[in-house]
Participant: 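One structure coming up, written as structure tokens, with questions to follow.
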Amino acid sequence: QDINTACGKAVRSLPACYHLQRLLPGPLNDARALRGCQDLDEEMQRLNPWHSQEGQALFESRHGVSWNDMQALTATDGNSSSSF
């Protein structure tokens, strides 16, 4: 019976996991990349969601993901170890 319960939970979880896997990589990677963009001119900083409400609204409209969700998902990220 335990195996049936575990399998039933997995079958219900898979669609949600698939949806998140398809939805998050782009926005999550963009949020992380934008956090590392510190050497931008004033105009570009104005559009960076880490620095402005306007940037947050633009990020949300482009990606269809709440900026608060992105902040929560990246809250435990450390400093980047490398960049190009």
Participant: Looking at side-chain heavy atoms only, is the closest gap between Trp50 and Gln45 below 4.5 Å?
Facilitator: no
Participant: Rounded to the nearest 0.5 Å, what's the gap from CD on Gln53 to CZ on Arg46? Could you check?
Facilitator: 13.5 Å
Participant: Of the non-hydrogen atoms in Phe59 and Pro49, which two are nearest, and what is the gap between them?
Facilitator: CD1-CG, 4.0 Å
Participant: If you count every heavy atom of other residues, nucleotides or ligands that lies below 6.0 Å from Arg32 atom CZ, does the total exceed 12?
Facilitator: yes
Participant: Identify the residue among Asp69, Leu58, Leu28, Asp30 that makes a side chain to side chain contact (heavy atoms under 4.5 Å, CB included) with His63.
Facilitator: Asp30
Participant: Give me the atom names and distance for the closest heavy-atom approach of Glu60 to Trp67.
Facilitator: OE2-N, 2.8 Å
Participant: Using a 3.5 Å distance criterion without hydrogens, assess whether the side chain of Thr74 forms a donor-acceptor pair with backbone atoms of Asp77.
Facilitator: no
Participant: To the closest 0.5 Å, what do you measure between CZ (Arg35) and CE (Met70)?
Facilitator: 11.5 Å
Participant: Say whether, by atom type as modelled, one donor and one acceptor occur between the side chain of Asn48 and the main chain of Leu34 under 3.5 angstrom.
Facilitator: yes
